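Heads up: numbering here begins at 1 and tracks the sequence. Counting convention: from 1, in listed order, for ligands and their atoms alike. Keep in mind it's a predicted model, so treat the numbers as computed, not measured.
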Amino acid sequence: MAFLGNPAVTGAVLEKYGIRAQKKYGQNFLIDPNILGKIAEISQIGKDDLVLEIGPGIGSLTQILCERAGKVIAVEIDRKLIPVLKDTLSEYDNLTLINQDILKCSLTELLEEADGYKSVKVVANLPYYITTPVLMYILESEYPFECVTVMIQKEVADRIQADPRTKDYGSLSLAVRYYSNPVVAAQVSPSCFIPRPNVGSVILKLEVYRQKPVVAKDQELMFKLIRGSFNQRRKTLVNGLKNYAGLDLSKEQIENAIEKLGKKPSVRGEELSLSEFAALADILT
Ligand code: SAM
């Protein structure tokens, strides 16, 4: 099969199978050979790697991954794309294709063969409608991925990379950074996709921590505190946490913990760093 990731071949494949990009599945197919190559390079894919690809589409990125990786496992939700992929990628015997919703897959079952490989990497041009749930599903699994390289909306990457006291800072920034170091590796224009998305995109590489720099004794409590703090952004931390249904803490308990943390009673959640949220959780544990 010819190189898939350019406008002419992608157009011909879509026409041959009568495929129309499905909005409900966030289908924006990559048609820029440079960007496709860049994703593989940023992920440093080699023959020692097992790659999990989420949403192969018609196989443009999958083709490059199969060329470079030892093994590729690609999970696609859209059953209409399965016969297309079986055709476009028929020459690769290092590919396993799975017709499933990634959020319903057990990652350990999916990656049963991982022992034979030096590292396991996630690579995806993510469907924008479920970027955050997919990223959190991957990271919260605590599967020892080497890295996660994803094409996502620029606006989501801005939220992930935001610092305390900025408008973009929130639970997503803290959750992703608890598990990984996020690096924006390239900016991508809407003209690199068909159909064109309305927003700019970036390639984001998450270097997953083997050893987390910040650890809370009770991780679940820390994430509840984070969600509670940003649930009502404008409120002080005390009021945000007191009113949050996921927590059962009295005003006094929260005020004491904030004092022990060395913060003023009027502090807001958006002023706290990840290590301060972990420390607050440890005080309350
Ligand atoms: N990788 C292809 C490319 O770069 O041209 C397609 C990327 S497109 C942005 C997202 C792909 O994810 C689509 O093929 C879509 O059908 C698939 N997808 C959407 N939701 C999914 C889910 N929950 N699980 C697995 N695949 C999904």
Inset, instruction - Walk me through it: do I31 and S60 pass the test side-chain contact (heavy atoms from CB on, under 4.5 Å)? - result: CA-CA 8 Å; I31 48 164; S60 309; over 6 Å; no
Inset, instruction - For salt bridge (Lys or Arg N to Asp or Glu O under 4.0 Å), just list the numbers for E41 and R68, CA-CA rounded to whole Å, side-chain angles, deciding distance to a tenth of an Å, and then say yes or no. - result: CA-CA 10 Å; E41 264 146 45; R68 301 190 187 190; 3.7 Å; yes
Legend entry - Working for ring pair (Phe, Tyr, Trp, His ring centres under 6.0 Å), residues F230 and Y169: CA-CA 9 Å; F230 290 97; Y169 187 61; 5.8 Å; yes
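Residue-ligand proximity, N125 to ligand 1, at heavy-atom distances under 4.0 Å covers atoms 3 (C), 4 (O), 7 (C), 8 (S), 9 (C), 10 (C). Taking every heavy atom of V75 and a limit of under 4.0 angstrom, the matching atoms of ligand 1 come to 25 (C), 26 (N). Heavy-atom contacts of N28 reach the following atoms of ligand 1: 7 (C), 8 (S), 9 (C) (cutoff under 4.0 Å). Every atom of ligand 1 with a heavy atom of E76 under 4.0 Å away is listed here by number and element: 13 (C), 14 (O), 15 (C), 16 (O), 17 (C), 26 (N). When each atom of ligand 1 is checked for a heavy atom of F29 under 4.0 Å away, the hits are 5 (O), 6 (C). For ligand 1, the atoms sitting less than 4.0 Å from at least one non-hydrogen atom of G26 are 8 (S), 9 (C), 10 (C), numbered in the order shown with element in parentheses.
Between L30 and ligand 1, at least one pair of N/O atoms sits closer than 3.5 Å. By the 3.5 Å distance cut-off applied to N or O atoms, D101 is counted among the residues near ligand 1. Every N/O-N/O distance between L61 and ligand 1 stays at or above 3.5 Å. For ligand 1, the polar-atom distance check finds an N/O of Q27 within less than 3.5 Å of one of the ligand's N/O atoms. Inclusion of L103 in the set of residues having an N or O under 3.5 Å from an N or O of ligand 1 is not warranted. Close N/O approach between I102 and ligand 1 is found [any backbone or side-chain N/O within under 3.5 Å].
Taking a cutoff of 4.0 Å between a charged side-chain nitrogen and a carboxylate oxygen, E146 and K121 do not qualify as a salt bridge. At a threshold of 4.0 Å, the pair R177-D163 counts as salt-bridged, since one of the basic side-chain nitrogens sits closer than that to a carboxylate oxygen. The pair K38-D32 does not count as a salt bridge, with every side-chain nitrogen at least 4.0 angstrom from each carboxylate oxygen. Between E255 and K263 there is no salt bridge, since none of the side-chain N atoms of the basic residue sits less than 4.0 Å from a carboxylate O of the acidic one.
If you chain together hydrophobic residues whose side chains sit under 4.5 Å apart, I203 and V156 never meet in one group. I45 and L50 sit in two unconnected hydrophobic clusters of ILVMFWY residues. Membership requires side-chain heavy atoms under 4.5 Å apart, directly or through other members. Grouping the Ile, Leu, Val, Met, Phe, Trp and Tyr side chains by contacts below 4.5 angstrom, directly or via other members, places I35 with I42.
F223 has its ring centre less than 6.0 Å from the ring centre of Y178.
Ligand 1 lies within reach of Q100, whose nearest heavy atom is under 4.0 Å from it.
When S60, P56, G5 are ranked by how near their heavy atoms come to atom 2 (C) of ligand 1, first place goes to P56. Between I77, V123, V134, it is I77 that holds the heavy atom closest to atom 18 (N) of ligand 1.
In I130, the part holding a heavy atom less than 4.0 Å from any atom of ligand 1 is the side chain. The proximity of Y129 to ligand 1, defined as any non-hydrogen pair under 4.0 Å, is limited to the side chain. Contacts of E53 with ligand 1, taken as heavy-atom pairs under 4.0 Å, involve the side chain alone. With a 4.0 Å cut-off on non-hydrogen atoms, A124 does not touch ligand 1 at all.
A side-chain donor from one of T96 and K71 sits under 3.5 Å from a side-chain acceptor of the other.
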